[in-house]
Structures are given as structure tokens and as C-alpha cells.
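The chains referred to below are lettered A, B, ... by the order of the sequence lines, with proteins before strands, and numbering in each begins at 1. Keep in mind that the numbers below use all heavy atoms, side chains included, and drop hydrogens, waters and symmetry copies.
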Amino acid sequence: MFHSIEQHVSSAFRAHILARYGLDLAVAVEQPRQSDFGEMAVPAAFQLAKQLRQAPRKIAAELAAEIGPIEGVAAVEVAGNGYVNIRLDRGALGAALLRGESEEAAPAGEKVIVEHTNINPNKAAHIGHLRNATLGDTFVRMLRARGQRVEVQNYIDNTGVQVADVVVGFHYLENKTLEDVKALLADSSVRFDYYCWDLYARTSSYYKDHAEALEWRSATLHAIEAGAGELAEMAHLVADAIVEAHLATMLRLGVEYDVLPRESEILRLRFWASAFELLKEHRAIYRETEGKNAGCWVMPGLSEEGKVIVRSDGTVTYVGKDIAYQLWKFGLLGKDFYYRPLQTYADGRVLWVTTGEPTETAPQFGHGSRVYNVIDARQSYLQDVVVAGLRGLGYTAQANQSVHFSYEMVALTPGCCAELGIPLSEEDRARPYVEVSGRKGLGVKADDLMDTLIAKALEEVASRHAEASAEEQKRVAGQIAIGALRYFLLKFTRTSVIAFDFQEALSFEGETGPYLQYAAVRARNILRKLEERGERLPDFAAELSRQAMARQLQSEDFWHLLLAASKADSAIEEAVTAGEPAHVAKYAFQLAQAFNNFYHQYPIIHEENREKKVFLLWMTDFFRRQLERTAGILGIPIPEYM
RNA sequence: GGGCCCGUAGCUCAGGUGGAUAGAGCAUCAGCCUUCUAAGCUGAGGGUCGCUGGUUCGAGUCCAGCCGGGCCUACCA
């Protein structure tokens, strides 16, 4: 609602300035520093001052005097040395919100693809993967909240080096057969993804002391690519089991996908062969004849030596396959996957996975008009290569619609490593933080962290609600844990490295997820208490006239609270434009703060004056809806009680 | 060597398109539970926005150069 008034004001000023001065200006609408300056500030006079060569104050006075009436605006004033401040019509805004007027959602139109999570299926997920999935999932929710059609993809590199290394561990280091691995999978006392976590670290460190063992890796990779034999079968067994574990881990956090494109199908359906032909035809890559890259197919321009796309032994690098995948996402490859359903989510939505064999009908995937790849900042070079590939093929529009949704890594503080019992070198101990490393087995596992959070939340819930059943306590604790974790990962902007700290991550106070949840629970409690007392929620539209709204909103306090609550659309819109989920998190926190303030200051159920009581109840309900909606976009559930 | 990111209160971080007196949480200190849940609320202290120049009516924000720190620059992904 607030957002559409902003747009009204901006376009009214723009039209007026064009007519009056003959200048077309994109008019900014800001928030005044002090609330008694009004609700909006237009600094246009400063911009005009330069071109008109007049004092800003004088221009501002002209603007304010001549702008004329604007819908929803009560007063236009000149302030400072050239600001035009806007005061809104309080009754009008209140009445509009009461009628439930909301922003018109953007028309669905074209489809946007968001790829996120994308964890190598060879070990348990860790905290770094959680940042990726939470950012990606929240961005998807933000886009959908604005009416955008979104397809969520989670790419599975099930034939890569990392999977091969775990197979090497099983086969060469542990002398396990396929049957042994199956038995391990069937053993309910063993967490398979955790087992592989350790095994992968062991294999990696074995390579360091036994360079000759790298032969095992390449033999395994060849076996996987050939798609036959015990090692290939073992690789699929491992990857499938780990993917299942990752999906379960992510589902705990409320993260869901539409489709899992797998590398095995990219190989099987020869996606790369098609992309290779295209790249050669357009001379986007060339065969190097000399120097260190002799015998390789190389993409020039991005670094001094160029980027190797096809190795001298004829095998394609990951980036090469990624180019083929990116082409497919835009519907440019001329090939498609086959699909089969993998699982069904609670709401009935089906998660599809690619397959190499023709199957019955499936939805159409890919063919996006814009593609967001949620990948950490360390891979920006590779993302540049992918985009350069599109460009080299002449797909300029698609190259421009390819967005690397990048974010900085999650690292561990040396103190955190000490807590986890991870030994560090002297060099690492002196650093501000240490990179999480799957190869070194260095990291906080996602499920462990969630379990720790749940245990802590359960203590709190049990002490506050001893009467509730154990099952119920556990459910509430689970929701609180998710709220705490998601908010923790979202409160940092994408460019900030998160130096992980247990104490901060495990906090339920201050700027945290549970703080939001608590505010929403309180709002619900008031409305529930009302009914427990035998009263009913009033028919707000019938009982509150526009005049009544205006009367109640004469209170500066109520007015500011209502403004805060009505800015959700504005905040979401801004966050989508900025591509920054942290901005939604920040708004949600401010919203909760405003409500807690309101809650503390005004008795609602016990209010004697009928009009005021109905107004307060309406405010409570409005806050509740906005809190729930914003929390929903952050993927934070609201417990029944706290 | 080249590219990207970070540097703001004791700590962790926010500070759209330059704008009015630089903010929040944590921590510290002082208050508030016979009342709709104290996972909360109120108040206090705490700042050379890394440094130096520049652009202009105006710079935490833009530009240049330094100083710290991190990441990338593989025939790994």
C-alpha cells in the first residue's frame, strides 16, 4: 500500500516537473530522517538546482505550491534547504488498508529459473551449503511473493571427482564390495552421509602422501563415465543415497525443489557433444597447439592462457558441462532431458529428477527467460566462463539474463574449530577465520547444527510449557530451531563472509528468528484470548469508519506503527531489486520490534473505549498478517505457542 | 602480477539511485513481571565510518592512490 503511494508521488512530481520546467527527471522518494518531517521526502529540487541554476529552496517552494493534489497526500511542505516533504492522509491510508487493498501482483509472464543448493553428492551437507540453500530458497520466495513464475533447480554432479573419491575410499582403502556398501546403507546404526564425510576426508589426505593413488581416481572416473561395472554401480548407489540425505536435510529447513538435473544424464544424452559442436562452429573455443595447454580446447580472453574446456585426453571439464547446462536452461541446446517423479512434497507438489530413458509425460522444464545461479563468490571466474560461452555463441540477450547470484563463504573462527575439536596448524590459528573444507572434513554438519538448535530450543519450550506433550514440545522446538537458523544465515548481506560462531547462531534473543516468531505468536495470542473470553473478532470494515481511522491515527504513535506495518511491499520490492534477502530479514525484524512496542504499551483486550478497542484489535490483526507474510518469505514458520 | 570482496561502537553487522543529528543486535550498567507470555519492554554509556587526496552546495556512500585482511587467477569442482 505504502509502495503504491510512493509510486503515485514519484510520477506526479515527474509529470509536473516535465510540464513546468521541460525536464524529464526520475524522481526519487526518500524517507525523511526525522519522523516529524512527514512520511516521504522528495529531493528533486537539489537535482533541478543545477540545471535551472537557481537555489534549491526556491525551486522547492515552487514545487510545493504548484504540484496540486495527489491521491493519498494531505500536505506538501518545504523544509531544510530544499526538501519537499510529504504528509500522507492518515484516514485515507487507514481506510485503504482496512478495505484490504494490496499491491497488484506483477503479471506472471515469463519463467525465471533459480538454481541453488547444488551440493556434491558424496558427503553430508555442511553450514556453507545451508547458506546457499537458504539464500536461494528465500530469493525464490521473494520472487514468488511478487507474482513471478519461478522454477527451482538443484543440479546434481553425480559423476564427478568428488563422488569418485568416495568410491575410491570404499573400494581401494576399505576393500568394500558393492554388497558391503549396500549393507552399510541398510545398517540403521550408521549415518551414511556422515560415514562418507569421514571417508572422503581420509581419501583426500591419502592422495597427499600417495600421489600414485590418483590413478585410482582416474580409473574410477573412467568407469563412471563408461557407465558399467561395479565401480560405476557403486558410484550411483553412493550418489543416490547422499542426494536423498541432502533432500531430507533441506526439507527440515523448508527448502524444496522442482527438478534435479543430473550430470549423469548430461553425459548419457550427450548434451556436451551438442554444446561442443556449437562452440566449435562459432569458434568460441579453439584447439591450442603449443604452450602448456597444447592439445586442449580452450576458451580465450578470460585469463592469460585461456580457460581449458576440453582436456588433452579428450574429457570435458566441469565448466564445459556447465555451459551445456546453461544453454539448456534457456532452451537453446536443442536437446532435452527425460524425467521421472522422485518424491512428493507435503503440499502435493512433485519433485522430478532427470533420467536417460524416455518416460511418460512430465512438465516442461528449462526454457527460462532469466537464470539465477546461486553459487559462492569463489566460483565467479567459472560463472564468467559460462556467460562468455553464451556470448561466444551469439546469445547476447541470454548472456545478459544470466545472473551469478553470488555470496561470500561461511568460515569458522579458530575458536569455533577449537570447540569442535578440529586441530589447526599454527598458521591457521593466527587467521581471522578458516575456510570450511569438505576435503579436509573441516566444517559444521548441517544436521548436527540443527540438532543442537533443537535441543536448546526444547529446553526452553519444556521449561515454559511443561503441560504440553513431548511430541508437541518437539514440534515447536523444531520450528524455533529453523527460525533461528534461517534468520542467522539471512541477516548477513551476501557480500559479507560469515565467520561462524556457535554463540551467535544459537541465540534466541535480540535480532534473531525466534524474536520474529515470538512477536507473531503474541499477536495470535491476543486474538485467541479474545475468543476464550467469549468475545468475537469485530467486523472491522463495518465498525471502523474512515473518520474513526483518522481519529485513532491522530496519535503519532499509532500512525508510526501503522506505517511500519504497511511497508512490507515496499521492502520486498526493494529487496528483489537489490537481490538481497537480508533486506527482507531486516524489515521483518523492524516489523517485529514495532509490534513488540505496541504490545507492551497498549492493553488491547482490556481497552474500555469500544472504538479504540476495535482499532487496536484491527492493528493487532494487521500486524499479525504482515508478520506471518514476511516470515513466510523468509521461510520461518510460526509456532502455535512459545 | 591481474581480478573480485571486506575494513563503520568493545564484539557481530545494517547503512537502495550522494542529502537533514551515522543505526541495530550482542556485551556492560540502571530500571520494568498480581496485567494480552519477560524468548519481551524502557533508559544510559560507547564513533577520527582504515589512511590521504579529489569531485560538489553536500561524501560512510562516487573517483584516485595508499594500508590491512580474505578469496579467485588448475588439463579440481
Side-chain angles (χ1 to χ4, degrees), chain A residues 26 28 30 32-34 37 41 43 46 49-50 55-56 79-83 85 118 120 157 160-162 165 217 288 292-298 302-305 307-313 315-319 321-322 376-382 384 406 408-409 411 431-433 435 438-439 457 460-461 464-465 480 484 491-499 501 503-504 507-512 514-515 517-519 521-523 525-530 532-533 574-575 577-578 580 582-583 585-586 589-590 593 596-597 599-607 616 620 641-642:
Chain A
E30 298 174 347
R33 178 154 293 286
Q34 283 178 11
F37 286 156
F46 294 108
K50 245 172 239 170
N81 47 355
Y83 275 98
N85 288 340
N118 200 357
N120 270 298
D157 183 7
V161 175
Q162 295 212 17
D165 282 346
R217 172 194 274 175
E288 182 63 83
K292 73 181 181 85
N293 290 338
C296 301
W297 285 88
V298 173
L302 290 150
S303 61
E304 284 167 45
E305 307 276 352
K307 174 64 194 169
V308 171
I309 304 295
V310 179
R311 302 182 188 102
S312 53
D313 66 0
T315 57
V316 58
T317 59
Y318 179 87
V319 208
K321 285 176 267 193
D322 217 11
D376 75 78
R378 288 171 294 189
Q379 299 196 49
S380 56
Y381 175 62
L382 283 310
D384 290 344
S406 82
E408 283 290 343
M409 62 179 173
R431 293 168 175 275
Y433 42 76
E435 248 184 287
R439 269 203 305 283
E460 295 283 337
V461 174
R464 287 156 203 250
H465 302 279
I480 292 170
K491 70 194 267 194
F492 301 90
T493 51
R494 292 191 284 128
T495 51
S496 174
V497 173
I498 298 181
D501 180 80
Q503 217 183 329
E504 260 185 84
S507 169
F508 296 157
E509 286 162 22
E511 195 192 340
T512 65
Y515 181 92
Q517 295 172 314
Y518 193 60
V521 165
R522 282 174 139 183
N525 274 353
I526 291 174
L527 303 171
R528 201 190 58 221
K529 272 275 155 63
L530 185 78
E532 280 174 13
R533 286 163 53 106
E574 185 281 321
T577 307
E580 192 53 271
H583 293 172
K586 194 58 92 184
F589 174 63
Q590 286 164 354
Q593 258 184 332
N596 273 331
N597 209 289
Y599 179 93
H600 181 258
Q601 219 169 337
Y602 303 98
I604 295 161
I605 290 179
H606 304 287
E607 173 58 48
L616 291 173
T620 305
Y641 54 80
M642 279 180 81

Determine the interatomic distance between [atom1] on [N] and the same-named atom on [M]; round to the nearest Å.
N: B:G1; M: B:G45; atom1: P; result: 47 Å
N: B:U8; M: B:G60; atom1: C1'; result: 7 Å
N: B:U21; M: B:G3; atom1: P; result: 38 Å
N: B:C13; M: B:A22; atom1: C1'; result: 14 Å
N: B:U61; M: B:G18; atom1: C1'; result: 6 Å
N: B:G31; M: B:C36; atom1: P; result: 26 Å
N: B:A38; M: B:U42; atom1: C1'; result: 13 Å
N: B:G25; M: B:C71; atom1: P; result: 32 Å

**Flag side-chain contact, heavy atom, 4.5 Å: A:T512 against A:K491** = no

**A:E408 side chain reached by A:I498 side chain, heavy atoms, under 4.5 Å** =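 A:I498 vs A:E408: side chains apart.
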
Side chain of [X] only, please: which of [options] is the nearest?
X: A:F37; options: B:A77, B:C41, B:A20; value: B:A20
X: A:R522; options: B:A38, B:U17, B:G70; value: B:A38
X: A:Y318; options: B:C71, B:A38, B:A77; value: B:A77
X: A:F589; options: B:G70, B:C75, B:G25; value: B:G25
X: A:I526; options: B:C41, B:U37, B:C36; value: B:C36
X: A:E435; options: B:A38, B:C71, B:U73; value: B:C71
X: A:P514; options: B:A39, B:C36, B:G40; value: B:A39
X: A:E574; options: B:A39, B:C75, B:G16; value: B:G16
X: A:D157; options: B:A39, B:A77, B:C75; value: B:A77
X: A:N85; options: B:G40, B:C75, B:A20; value: B:A20

Nucleotide opposite [N] in a Watson-Crick or G-U pair, distances under 3.5 Å:
N: B:G60; result: none
N: B:U42; result: B:A30
N: B:G65; result: B:C51
N: B:A9; result: none
N: B:C75; result: none

Please report, rounded to the nearest Å, how far the [atom2] atom of [N] is from the [atom1] atom of [X].
X: A:K292; N: B:C75; atom1: NZ; atom2: C1'; answer: 8 Å
X: A:Q503; N: B:C26; atom1: CD; atom2: P; answer: 12 Å
X: A:Q379; N: B:C5; atom1: CD; atom2: P; answer: 17 Å
X: A:Q162; N: B:A77; atom1: CD; atom2: C1'; answer: 6 Å
X: A:Y515; N: B:U37; atom1: OH; atom2: P; answer: 17 Å
X: A:E460; N: B:G40; atom1: CD; atom2: P; answer: 10 Å
X: A:K307; N: B:A74; atom1: NZ; atom2: P; answer: 7 Å
X: A:Q590; N: B:G25; atom1: CD; atom2: C1'; answer: 12 Å

**Asked** How about A:Y518 and A:N596: does a side-chain donor come under 3.5 Å of a side-chain acceptor?
**Response**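 Note: A:Y518 and A:N596 side chains miss the donor-acceptor criterion.
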
**Item:** Side-chain donor/acceptor contact of A:S312 with base of B:C75 under 3.5 Å
**Value:** yes

**Asked** Starting at the 5' end of RNA chain B and moving along, which residue's nearest nucleotide shows up first, A:H600 or A:L382?
**Response**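 The residue closer to the strand's 5' end, by nearest nucleotide, is A:H600.
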
**Message:** If you assign each of A:A26 and A:P432 to its closest nucleotide in RNA chain B, which residue comes earlier from the 5' end?
**Reply:**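 It is A:A26, whose closest nucleotide lies nearer the 5' terminus.
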
**Request:** Just do the side-chain hydrogen bond (donor to acceptor under 3.5 Å, both in side chains) check on A:R528 and A:N525 with the steps written out, would you?
**Result:** CA-CA 5 Å; A:R528 201 190 58 221; A:N525 274 353; 3.2 Å; yes

**Item:** nucleotides 7-14 of chain B: protein proximity per nucleotide (B base, S sugar-phosphate only, - neither; heavy atom, under 4.0 Å)
**Value:** -----SSS

Taking 4.0 Å as the cut-off, does a side-chain nitrogen or oxygen of [X] come that near to OP1 or OP2 on [N]?
X: A:N597; N: B:U42; answer: yes
X: A:R431; N: B:G70; answer: yes
X: A:N525; N: B:U37; answer: yes

Do the side chain of [X] and the main chain of [Y] share a donor and acceptor less than 3.5 angstrom apart?
X: A:R217; Y: A:D165; value: no
X: A:T317; Y: A:I309; value: yes
X: A:N293; Y: A:C296; value: no
X: A:S380; Y: A:A377; value: yes

**Request:** Just call it for A:Y433: base, sugar-phosphate, or nothing, with non-hydrogen atoms closer than 4.0 Å on any strand.
**Result:** sugar-phosphate

**Residue pair A:G510 / A:F589: nearest heavy atoms and the distance that separates them** =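 So the minimum-distance heavy-atom pair works out to O-CE1, 3.8 Å.
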
**Request:** Begin from the C-alpha positions of A:R464 and A:Y641 and carry the test side-chain contact (heavy atoms from CB on, under 4.5 Å) through to its verdict.
**Result:** CA-CA 10 Å; A:R464 287 156 203 250; A:Y641 54 80; over 6 Å; no

**Asked** OG1/A:T495 to CD/A:E580 distance, rounded to the nearest 0.5 angstrom?
**Response**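 One finds 7.0 Å between OG1 of A:T495 and CD of A:E580.
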
